[in-house]
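Reviewing the structure listed below.
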Amino acid sequence: MLNIDLIRKEPDTVRRSLTTRGEDTAVVDEVLKLDTRRRQLVTERDQMRGKQNEVNRRLGQQMATIRKQGGAAEPPKELREELDLISKQIESLNEESNQVEASLQRVMLTIPNIPLPDVPVGADSDGNIVASTWGQPKHFDFKPLPHWDLNEKLDILDMERGVKLSGARFFVMKGKGARLQRALINWMLDVHTAEYGYRETRLPYLVKEETLVGSGNLPKFGDNLYRDAEEDLWLIPTAEVGLTSLHRDEILEPGVLPLRYVAYTPCFRREKTSAGKDTRGIKRVHQFDKVELYSFVEPSKSEEAFQNIVKCSESLIQRLGIPYRVLRICTSDMGFQSAQTYDLEMWAPGCEEWLEVSSCSTCTDFQARRANIRYRPTLGARPEYPHTLNGSALALPRVVIAILETYQQADGSVVIPEVLRPYTGFDRIEPVKK
RNA sequence: GGAGAGGUGGCCGAGCCCGGUUGAAGGCGCCGCACUCGAAAUGCGGUAACGGCGCAAGCUGUUCGUGGGUUCGAAUCCCACCCUCUCCGCCA
């Protein structure tokens, strides 16, 4: 959520932000209108309440006196009538101001975060900028296969049975494929905790509505989520959701920040908007595994924390020895809650595609405001909103795709990258079918 | 799932039966001051979040799990819901 002060004082900044994101600017005027009305009503109502308190106090005193003298407990008529009138007025003012407040809140929750100044402006994904690339595409003496063809002989992915169990865009991993996936998760968690100081967490996969509002997924993007209507719980689309709400409605005392977390969770997405896209293989599925980094930091440490997350994610890809590129995502392509996003894409030589395996974002104080997370800079100081940052490190099974396609051999086997071998317990996946 | 107890300020805990100057006794913690060479002990004072008005000092409103109701007025009465604890049942 944006700071309403900013909308009041610099409505044009907010309008510009919306425009570069390709969104309608009418909400700004709506907010301004509602905010003005709300403040009028609140002032008026509070004055009435002040009066009510004062008269009630007087009446209370009289009652005490009467009772002390052993009199009847009937309060004086004039005062009662005056108060009756006041409370009726308060009731109507209160009702209206509550309505206005609720409308204002509703609109505020639909306004996306403001991009940082140096985020590239662009109308669609063509506006994204390749900031850097790492590694050389590997040379093959044969035509490298896409993972779905490679799998014909390896038999580690079972698309048909995934569909049998759950429908389109679900799959089953088997044997060394399943083991490779697990090895990656364990390896990534180990690196982040042991080398980079992120604290490992295990989170619920089902969360309440408020939790998704805090991270920014609701109220606008419910279409992309699975939900259990009976219990009113939602399946998480990313660990970011739970990590944001970890400190919801808290005031963090001085010295607590920075907080750095890493979580492995499955992620559930309906992929409604991607119908028909990426239907082959396991690039785009309804359920996937991901290791996520998340930081709560003081605003002055925001940039540093962002670079750290990007660095951690990159370092994993480098250790796997697979070429990748860093994309600076442009205004219109950035997520709702993000103020700045870098994507990391690994090269998959079989399907000849850059695969997005990480998306690192600064959310500034946007999520902190939504989730009401604050910190005290110093003892006794007024609470302020921290910045939150997140990044995948990394998203599976796309990393598996890149590994399979990059390290495939002429005989159809796949060599396991050195760093993973202690985790897989094998150094090669052999074809099992002729 | 069944039975009972309970949810009050940073923490503990009174108030709730019998609604009225109660943001709420008392204690702990924390901060400041005094005493002291210093510390402890002691004494005194302070101690929230959020909203509105205001340049500011300040004034003011709301908040006793949440939401509704009764009432001139609710921490206190009524209703619904959520959560915690204990016991029983069930289960990985």
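Treat the numbers as computed from the prediction; the structure is a model and nothing was measured. The figures here come from the full heavy-atom set of this structure, side chains too, leaving out hydrogens, waters and symmetry mates. Letters A, B, ... mirror the listed sequences (proteins, then strands); counts begin at 1.
- A residue-by-residue look at A:N98 and A:N53 shows that A:N53 has its nearest nucleotide of RNA chain B further toward the 5' end.
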Got a list of protein N/O to nucleotides 30-33 of chain B N/O distances below 3.5 Å?
none

Are there any protein N/O atoms within less than 3.5 Å of an N/O atom in nucleotides 73-82 of chain B, and if so, which ones and at what distance?
residue, atom, partner, partner atom, Å
B:G73, O4', A:N56, ND2, 3.4

What protein N or O atoms touch nucleotides 50-55 of chain B N or O atoms at under 3.5 angstrom, if any, and at what distances?
residue, atom, partner, partner atom, Å
B:C50, OP1, A:R374, NH1, 2.5
B:G51, O3', A:R38, NH2, 3.1
B:G51, O2', A:R38, NH2, 3.2
B:G51, N2, A:D46, OD2, 2.8
B:G52, OP1, A:R8, NH2, 3.3
B:G52, O2', A:T43, OG1, 2.4
B:C53, OP1, A:R39, NH1, 3.4

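- A salt bridge is absent between A:K277 and A:E271: the closest approach of a Lys/Arg side-chain nitrogen to an acidic carboxylate oxygen does not fall below 4.0 angstrom.
- Between the side chains of A:R15 and A:T19, no donor N or O sits under 3.5 Å from an acceptor N or O.
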Where do A:Q52 and A:L83 land on the side-chain contact (heavy atoms from CB on, under 4.5 Å) test, with the steps shown first?
-> CA-CA 7 Å; A:Q52 181 186 46; A:L83 282 164; 4.3 Å; yes
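- Nucleotides B:U63 and B:A24 have their C1' atoms positioned 12 Å apart, rounded to a whole Å.
- Under a cutoff of 6.0 Å and an axis angle of 45°, A:K176 and A:F426 form a cation-pi pair.
- Applying the salt bridge (Lys or Arg N to Asp or Glu O under 4.0 Å) rule to A:R39 yields the partners A:D35; only residues at least two apart in sequence or on another chain are considered.
- Where pairing requires Watson-Crick or G-U contacts shorter than 3.5 Å, the helical stems of RNA chain B with at least three consecutive pairs are B:1-7 with B:82-88, B:10-12 with B:26-28, B:29-34 with B:42-47, B:48-53 with B:58-63, B:65-69 with B:77-81.
- With both ends at atom P, the span from B:G32 to B:U84 equals 39 Å, rounded to whole Å.
- For A:K283, the salt bridge (Lys or Arg N to Asp or Glu O under 4.0 Å) criterion is met by A:D278, A:E353, not counting sequence neighbours.
- Side chains of A:T201 and A:Y294: no donor on one and acceptor on the other come within 3.5 Å.
- Inspection of the A:D343 and A:S359 side chains reveals an N or O donor paired with an N or O acceptor under 3.5 Å.
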Full working for side-chain contact (heavy atoms from CB on, under 4.5 Å) between A:Q337 and A:T388 = CA-CA 10 Å; A:Q337 65 271 40; A:T388 61; over 6 Å; no
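- Note that A:R199 lies outside the cation-pi zone of A:Y261, set by a 6.0 Å cut-off to the ring centre and a 45° limit from the axis.
- Only the C1' atoms considered, B:U21 is 23 Å distant from B:C17, to the nearest whole Å.
- Atom CG in A:L41 sits about 18 Å away from atom P in B:G61, given to the nearest Å.
- The nearest whole Å value for the distance from the CD1 atom in A:I86 to the P atom in B:C72 is 13 Å.
- Ring orientation note: the planes of A:Y205 and A:F268 are tilted relative to one another, at an angle of 30° to 60°.
- Between A:H286 and A:F170, the two ring planes are tilted [angle within 30° to 60°].
- Within the 3.5 Å criterion, the main-chain N or O of A:P397 finds no donor-acceptor partner in the side chain of A:D289.
- Using atom C1' as the reference point in both B:C88 and B:G73, the two lie 44 Å apart (nearest Å).
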